[in-house]
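Excluded from the calculations below are hydrogen atoms, water molecules and symmetry mates; all remaining heavy atoms, backbone and side chain alike, are included. Letters A, B, ... are given to chains in the order of the sequence lines, protein chains preceding strands, and every chain is numbered from 1.
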Amino acid sequence: MSYQAPRGTQDILPKDIYQWQTLEDMIRQFCYIYDYKEIRTPIFEHTNVFKRGNDASDMVNKEMYTFQLENSSTSLTLRPEMTAGVVRSFVEHKMYGEPDLPAKLYYVGEMCRHERPQKGRQRIFHQFGVEVIGVKNPLLDVETIALGWSFVSALGLKDMKVLINTLGDDESRDRYREALRQHFQNDIDSMCADCRRRYEQNPLRILDCKVDHDLAIMKSAPRMKDYLNEESKVYFEQVLQGLDALGIPYEIDDRLVRGLDYYTHTVFEVISINQEMGAQATVFAGGRYDGLVEYFGGPQLSGIGWAMGLERLLIACEGEGITIGERETLDVYVLNLSAETALYAFTATTMLRAAGYKTDCDYQNRSFKAQFKSVERKGAKVVLIIGETEMENGQVSMKRLRDQRQEVVALDALIDTMDDMFAEHEDDHHHLEEKRSI
RNA sequence: GCGGAUGUGGUGAAGUGGUUAACACAGCGGGUUGUGGUCCCGUCAUUCGAGGGUUCGAUCCCCUUCGUCCGCCCCA
């Protein structure tokens, strides 16, 4: 093999595409009901859209596909996430000036991160996500979570868990970060290398260290909730009350801090506890961001959003034995018996297609047997058999697979006969209506 | 970025330093010159991820490289 797709990327082949199409259809239906509008932003942005001065996350600092064209001084980056691009767009198009805020947006698209691939982690992967920007109301935190939760529930996923926490506002978080630094100050040198790094970059992440998890110093570490100011505390309580009211189960996890630097207040992570998930169990996750709109030059408006890894969602579905979408079938297969009748058969095929019947035929002059196997593989409901006799008489032989009924009809009467035949059976009829309505 | 496993036809897989690379499924052809799903027969990898090296000779030994899988890290 001389050419292969780059590491961590994959082709989604026709045999699997129905899953993706079904998933995307469902996503659009859900967002339609919640009155969220789709937004499509560029697949690359100016690097500084993602790389913002204070950002210490690995995603931004180590995993971005950043490039610069030879005769240009502009640095561009393939998007590793959508939130930054969406907020940039929100500000650039002054959506904050539109009536009926908040802007309720959703997207589906591929993201690029230069990570080491493993189960549930690829270099190009698909995310479905929502962003609600312009109004700060705990009910919107609840609404976004509810949208995602009802979506995964509608798919039939049961092994799901909502973990939630609050980081408070900037003031609360700064005070907490300082408290953590002081707490670990004397012991940090004896802790693991990762923790020493986190101590500098993001002390909050020390708390979910797996290596040093059992140290006494961990257990005695200060808790976020003790550093929340009144406003932050009330906000979080209102979010939880909303979730209670909707009957969405959750666990408060005060070690949940999230990796992206822009989060404030609510942060959450919805994980699958299914065995098949491997090490990457987070299906969708997100939080509120108070400072981003302003960062991009807009007014001081808050937003909330989450992103869902669609490959991970499919793994979770597979783990729970959920199949998405149905096998495609064919209305008619046109079986041609000789090279001499090929054009006649092709004409019949074209007539059926023009009438809205999903039709395919043979292009290889294969044997009767081989063609009939195609009929089965493709799940055709009706097979048209065309040989020299039919052609000479301007007819076709039409066989309905359901009851093996076969008749010879004039080519001119083919479509009428098909319509009658399909109308007899309710499922077939339904199928026909669907086709006709296109 | 670190660690471990792995790579033979469309698929699932045997295999050995020595000339024709098992077997099964799928495909295709035929038995049944025009009615399938069963059965029978035939056919189907100058080639063992790629590139180099050792050797009289390498799919099997060595090196490099690429991909895949799993874990760490990180994240969706």
[X] (side chain) and [N] (base): donor-acceptor pair under 3.5 Å:
X	N	value
A/Arg116	B/C70	no
A/Gln280	B/C74	yes
A/Gln404	B/G36	yes
A/Gln4	B/G67	no
A/Arg121	B/C70	no

Worksheet entry | Watson-Crick or G-U pairs under 3.5 Å in RNA chain B, rendered as dot-bracket with [ ] for crossing pairs and | for another strand | ((((((((.[[[..)..(....]]].(((((.......))))).....[[[[[..)....]]]]])))))))....
Discussion item. For the CG atom of A/Leu105 and the CD atom of A/Glu38, what is their distance to the nearest 0.5 Å?
Written reply: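 A/Leu105 CG to A/Glu38 CD: 10.5 Å, rounded to 0.5 Å.
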Discussion item. So, taking the atom named CG in A/Asp25 and the one named CH2 in A/Trp20, what distance separates them when rounded to the nearest 0.5 Å?
Written reply: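 So the gap between those two atoms works out to 13.5 Å.
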Hey, are [X] and [Y] close enough for a salt bridge, meaning a charged N less than 4.0 Å from a carboxylate O?
X	Y	value
A/Lys358	A/Asp331	no
A/Arg353	A/Asp360	yes
A/Glu251	A/Lys161	yes

Worksheet item: Think A/Arg7 has a side-chain N or O under 4.0 angstrom from the OP1 or OP2 of B/U68?
Response: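 Yes, such a contact exists.
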Worksheet item: Just to confirm, is there a sub-4.0 Å distance from OP1 or OP2 of B/G71 to any side-chain nitrogen or oxygen of A/Gln118?
Response: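 Yes, because at least one side-chain N or O of A/Gln118 sits under 4.0 Å from OP1 or OP2 of B/G71.
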Could you give the [atom1]-to-[atom2] distance, from [X] to [N], as a whole number of Å?
X	N	atom1	atom2	answer
A/Glu63	B/C74	CD	C1'	6 Å
A/Asp362	B/G27	CG	P	14 Å
A/Glu276	B/C70	CD	C1'	13 Å
A/Arg312	B/C74	CZ	P	13 Å
A/Met64	B/A76	CE	P	14 Å
A/Glu115	B/G1	CD	C1'	12 Å
A/Tyr262	B/A76	OH	P	7 Å
A/Met277	B/G71	CE	C1'	16 Å

Worksheet item: Can you check whether A/Phe372 stacks with the B/G37 base, using ring centres under 5.5 Å and planes within 30°?
Response: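 No.
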Worksheet item: Taking for each residue the nucleotide of RNA chain B with the nearest heavy atom, is it A/Lys119 or A/Gly309 whose nucleotide lies nearer the 5' end?
Response: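 Nearer the 5' end of the strand: A/Lys119.
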Worksheet entry | First of A/Ala5 and A/Val283 reached from the 5' end of RNA chain B, by closest nucleotide |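 Final value for this comparison: A/Ala5.
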Worksheet item: Out of A/Glu81, A/Glu45, A/Glu131, which residue meets the salt bridge (Lys or Arg N to Asp or Glu O under 4.0 Å) rule with A/Arg88?
Response: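 Checked A/Glu81, A/Glu45, A/Glu131 against A/Arg88; only one passes salt bridge (Lys or Arg N to Asp or Glu O under 4.0 Å): A/Glu45.
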Discussion item. Once you apply a heavy-atom cut-off of 4.0 Å, does A/Gly8 come out as touching a base, just sugar-phosphate, or nothing?
Written reply: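 Result for A/Gly8 = sugar-phosphate.
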Name the pairs: protein N/O against N/O of nucleotides 28-34 of chain B, kept only if under 3.5 Å.
residue	atom	partner	partner atom	Å
B/C28	OP1	A/Arg366	NE	3.3
B/C28	OP1	A/Arg366	NH2	2.9
B/G29	OP1	A/Ser367	N	2.8
B/G29	OP2	A/Ser367	OG	3.0
B/G30	O6	A/Lys369	NZ	3.0
B/G31	O6	A/Lys369	NZ	2.8
B/G34	O6	A/Thr389	N	3.1
B/G34	O6	A/Thr389	OG1	2.4
B/G34	O6	A/Glu390	OE1	3.2
B/G34	N1	A/Glu390	OE1	2.8
B/G34	N1	A/Glu390	OE2	3.2
B/G34	N2	A/Glu390	OE2	2.9

Practice prompt. For salt bridge (Lys or Arg N to Asp or Glu O under 4.0 Å), just list the numbers for A/Asp35 and A/Lys37, CA-CA rounded to whole Å, side-chain angles, deciding distance to a tenth of an Å, and then say yes or no.
Written response: CA-CA 6 Å; A/Asp35 195 26; A/Lys37 313 277 194 227; 3.0 Å; yes
